[in-house]
Amino acid sequence: MDFNKKFKKIAICAVCAMTVIPTYGQDLLARQAPVDRKMKAVDTLALQEIVAREEIETPAAQLYDDWNNKYAHKATKLPSHYRIDLRHFCMPTRSRVVTSNFGSRWGRQHKGLDIKVYIGDTIRAAFSGKVRIVKYDGNGYGKYIVIRHNNGLETIYGHLSKQIVEENQVVRAGDPIGLGGNTGRSTGSHLHFETRLCGVALNPALMFDFRNQDVTGDFYTFNEDTYTEESVEATALRGKIGNGGYTRDLIYGVLGSSENSSAISKQTNNPYGNEVRYHKVKSGETIVTIAHKRGVSVEQIIRLNHLGKNQSVRPGQILRYS
């Protein structure tokens, strides 16, 4: 009898222990859950930082196998569909006039849009990215710049009078990269602007509406089956108007109204208000000599660049002077 009682007690204790252990395990899991969520959040932030660093080093690496400074464009296989993020953009110029469309021209293919600008007008990076090429092509682009962007596009800016960025330099949307010009194979001052995906030229009018100083939407999805038709339609909607006789007011859409200019800037997240101009400091130059050269006051340069009265400038520094 005593043995049976002891056995029953042992059995009851064992059953109780088996019911307590899962409950205790659940308590441990419950206490661990917030820790797991925190670690997941930390891992996510760490992953985002890694991705951001990779984008700075090699933008759009998922599309491009290499990074070289030899070719302005080298066509590789296009994806059949690709979604291009057009948010956080800046219009490369605040000119509203397209002087030549994308497509067939004079018996050959024109791979971009020609936008009327004057020599010395500020040209800006359309999106954030990294400068891949800064070169001169006397039989074509003249002084030109190629930037690879995080959204997969590469943009080309041709016929510049001056390049104010360097190869492998990281730029943000809206940063000044050059000045409008008439270099290379050009018949008048203008900006030749290209948008390429995997080295293949796409009609910029599919993405950029220069007339309204805006992009066409938050995203543009390239579809190889519908691209040709869409490109023709985009040119009809946003392409060249008229055959010359452009005035500065028509080109920049100011019409003598600072209110209109402000509205343009607000609408497009564009840093343009009145005409903005920059100077790249050369060795031996000072704020005084730059002011004299550009025909502005020393005080204006100091104010526009938030400089101290006795602050010196360094070669290569970009200063706004108007």
side-chain contact (heavy atoms from CB on, under 4.5 Å) evaluation trace for L206 with T195: CA-CA 10 Å; L206 288 164; T195 49; over 6 Å; no
Any R124 side-chain heavy atom under 4.5 Å of P92 side chain: no
Within 6.0 Å of CG in D225, more than 12 heavy atoms from elsewhere: yes
Shortest non-hydrogen contact from M91 toward D209: CE-O, 3.9 Å
Worked verdict on N203 versus T235 for side-chain hydrogen bond (donor to acceptor under 3.5 Å, both in side chains): CA-CA 8 Å; N203 188 351; T235 295; 2.9 Å; yes
Heavy-atom donor-acceptor pair, N151 side chain to I84 backbone, under 3.5 Å: no
With E285 via side chain to side chain donor-acceptor pair (under 3.5 Å) - residues at least two apart: H279
Donor-acceptor pair, side chain of E167 and main chain of V134, under 3.5 angstrom: yes
Any side-chain heavy-atom pair of K116 and S189 under 4.5 Å: yes
Modelled atom types, side-chain donor and acceptor of N212 and D214, under 3.5 Å: no
The single option from Y144, Y141, Y157 passing side chain to side chain donor-acceptor pair (under 3.5 Å) against E194: Y141
Heavy atoms from other residues, nucleotides or ligands near OH of Y136 exceed 12 (cutoff 6.0 Å): yes
Close side-chain approach of T76 and D65, heavy atoms under 4.5 Å: no
Whether Y227 and F222 hold their rings parallel, tilted or perpendicular, with breakpoints at 30° and 60°: tilted
Any I147 side-chain heavy atom under 4.5 Å of L153 side chain: no
Minimum heavy-atom distance V298-V288, with the two atoms named: CG2-CA, 4.0 Å
Pair F127 + F208: ring centers closer than 6.0 Å: yes
Heavy-atom side-chain contact between I133 and I156 under 4.5 Å: no
Closest contact, heavy atoms only, S95 versus I251: OG-CG2, 3.1 Å
Nearest heavy-atom neighbours spanning D114 and H192: OD1-ND1, 3.0 Å
Distance-only donor-acceptor check, side chains H88 and S128, under 3.5 Å: no
Exam field: side chain Q317 to backbone R314, donor-acceptor pair closer than 3.5 Å: yes
Minimum heavy-atom distance between G181 and I119, given as atom pair plus value: CA-CG1, 4.0 Å
Side chain N150, main chain G129, donor-acceptor under 3.5 Å: no
F193 side chain reached by T93 side chain, heavy atoms, under 4.5 Å: no
Minimum side-chain heavy-atom gap I177-V131 below 4.5 Å: no
Side-chain (H159) to main-chain (G184) donor-acceptor, under 3.5 angstrom: no
Side chain proximity check, W67 to R132, heavy atoms < 4.5 angstrom: yes
Backbone of S161 reached by a side-chain donor or acceptor of T183 within 3.5 Å: no
R211 side-chain N/O to G239 backbone N/O, donor-acceptor pair under 3.5 Å: yes
Heavy-atom pair with the smallest gap, counting every atom of G180 and V117: CA-CG2, 4.0 Å
